Protein chains: 2
Amino acid sequence: MTRKKGFTRMTKQRRIILDVLRSTTSHPTADWLYEKVKDKIPNISLGTVYRNLNILKEMNEIMELNYGSTYSRFDGNPQNHYHFVCERCGRVFDIDEEVHREMDRRVEEKTGFTVRYHRMEFYGTCRECQNEKEEE
Amino acid sequence: MTRKKGFTRMTKQRRIILDVLRSTTSHPTADWLYEKVKDKIPNISLGTVYRNLNILKEMNEIMELNYGSTYSRFDGNPQNHYHFVCERCGRVFDIDEEVHREMDRRVEEKTGFTVRYHRMEFYGTCRECQNEKEEE
DNA sequence: TTAGATGCAAAGGGTTTGCAACGTC
DNA sequence: GACGTTGCAAACCCTTTGCATCTAA
């Protein structure tokens, strides 16, 4: 699983993909990033975006999120933090709440497993969507 | 999102899919369920399994989990609970820990969002995998 | 009786990958 | 110069879906 190979080269593509991801708080999809990066590298391919996202993930520079949807979202903040997913509009928000590391220890004691980290995501309705009319 | 339609019929397929899922704690994939159900309904189709899993999910009889993998796993226990995902073998375990509903309220206060529930999953190495030799 | 459910197979759609050319170190 | 990386397009693979047929209520 852990990959020890190179990843030595900081190509223009890799750098710009990371820049774009770091410059937004919207937890974008690979395709959204592809479109954005195309502004700067018009002939970049979607495959390159995916490849670099996977590499950046292995380098612990970014996080991959997949909450319910059929596609992944990416987070340019590699620090563990919690998320909120709006069930109406699908947007993902960061939650400003400390990560409860003590729960990892408690689970370790209970299970005998080794816990490296945990993820937590809240589901509900964001403020904006609360104000919209109900629809069936 | 919320679907008001029928789902009135408890077909043989639906009942057996739910039975099989309820009879395991392994959080199986759709394909695994398909293979198991085939023992009882040899000519059932994979599409039927998927359709029923989606319906059962909407009926709040089961939960769909998608933690990292490209495919979903299903949980026959509709009660919210936490999970542990082994990063080595990929198995998913239930965690016997009360759900911290108070965190939902705290996030609501902080964000102004409406929180319906939260999910939490721990990642690490299960006991069995800890005993296996390291491999690169 | 009849609307929901099934089987089959094809389509969907996000993601991965093989390969030749390219670019970084 | 060597080897990681890219672009392109095809392949993958899990999941959904159209349609004729079937069946639970």
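Keep in mind the model is a prediction, meaning the values are calculated, not measured. Letters go in sequence order (proteins before strands), and every chain restarts at 1. The analysis underlying the following values was restricted to heavy atoms, covering all of them including side chains, and did not include hydrogens, waters or symmetry mates.
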Report, one pair per line, the protein and nucleotides 23-25 of chain D atoms (nitrogen or oxygen only) whose separation is under 3.5 Å.
| residue | atom | partner | partner atom | Å |
| --- | --- | --- | --- | --- |
| D:dT23 | O2 | B:R9 | NH1 | 3.3 |
| D:dA24 | N3 | B:R9 | NH1 | 3.4 |
| D:dA25 | OP1 | B:M10 | N | 3.4 |

Atom pairs under 3.5 Å, N or O on each side, protein against nucleotides 18-21 of chain D: can you list them with distances?
| residue | atom | partner | partner atom | Å |
| --- | --- | --- | --- | --- |
| D:dG18 | O6 | B:R51 | NH1 | 3.2 |

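Taking 4.0 angstrom as the limit, A:N52 places a side-chain polar atom (N or O) nearer than this to OP1 or OP2 of D:dT6. Dashed line: the shortest gap from a side-chain N or O of B:T70 to OP1 or OP2 of D:dC13 is not under 4.0 Å. Remark: B:N43 is not in phosphate contact with C:dC8, judged by side-chain N or O atoms under 4.0 Å from OP1 or OP2.
Distances were taken from every side-chain heavy atom of B:L46 (C-beta onward) to each of D:dT15, C:dG7, C:dA5; the shortest belongs to D:dT15. Closest approach to the A:Y50 side chain among C:dT15, C:dA5, D:dC14 is made by C:dT15 (side chain taken as heavy atoms from C-beta onward). Minimum atom distance to the side chain of B:R14 is reached by C:dA5, of the listed D:dT6, C:dA5, C:dT6. The side chain of B:I41 approaches C:dG7 more closely than any other nucleotide in the set C:dG7, C:dA5, D:dT6. Set against D:dT16, C:dT15, D:dG7, the side chain of A:S45 has D:dG7 as its closest nucleotide.
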Stepwise salt bridge (Lys or Arg N to Asp or Glu O under 4.0 Å) test for B:R22 and B:E61:
CA-CA 10 Å; B:R22 287 271 162 81; B:E61 294 288 338; 3.0 Å; yes

Show, in sequence, the C-alpha distance, side-chain angles and deciding distance for A:M59 and A:L56, and conclude whether the side-chain contact (heavy atoms from CB on, under 4.5 Å) test is met.
CA-CA 5 Å; A:M59 296 168 79; A:L56 290 166; 4.3 Å; yes

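Nucleotide C:dT6 holds its C1' atom 10 Å from the CD1 atom of B:I17, rounded to whole Å. Whole-Å rounding puts the A:L56 CG to D:dG4 C1' distance at 14 Å. Atom CZ in A:R73 sits roughly 12 Å away from atom P in C:dG14 (whole-Å rounding). To the nearest angstrom, P of D:dC13 lies 20 Å from CG of B:N66. Atom CZ in A:R15 sits about 17 Å away from atom C1' in D:dG4, given to the nearest Å. With rounding to whole Å, B:I55 atom CD1 is found 11 Å from D:dT16 atom P. One can place CG of A:N54 at 12 Å from C1' of C:dG14, the figure rounded to the nearest angstrom. If you measure from atom CD1 of A:I44 to atom C1' of D:dA9, you get 16 Å, rounded to the nearest angstrom.
Few gaps surround CG on A:D39; more than 12 heavy atoms of other groups in view lie less than 6.0 Å from it.
Taking a cutoff of 4.0 Å between a charged side-chain nitrogen and a carboxylate oxygen, B:E64 and B:R73 do not qualify as a salt bridge. B:R105 and B:E108 are joined by a salt bridge, as a carboxylate oxygen and a charged side-chain nitrogen come within less than 4.0 angstrom of each other. A salt bridge links A:E35 to A:K38: at least one charged side-chain nitrogen sits closer than 4.0 Å to a carboxylate oxygen.
Aromatic pair A:H118/A:Y82: ring centres closer than 6.0 Å. Checked against the 6.0 Å centroid threshold, B:H27 and B:Y67 do not count as a close aromatic pair.
Among the heavy atoms of the strands lying under 4.0 Å from B:S72 are primed sugar atoms or P, OP1, OP2 only; no base atom is included. A:D31 comes within contact range of no nucleotide atom at all, as no heavy-atom separation falls under 4.0 Å. Heavy atoms of A:Y71 sit under 4.0 angstrom from primed sugar atoms or phosphate atoms, though from no base atom.
Separating the CD atom in B:E121 from the CZ atom in B:F93 is a distance of 15.0 Å, to the nearest 0.5 Å.
Applying the ring-ring contact (aromatic ring centres under 6.0 Å, His included) test to B:Y71 and every residue at least two apart in sequence or in another chain returns nothing.
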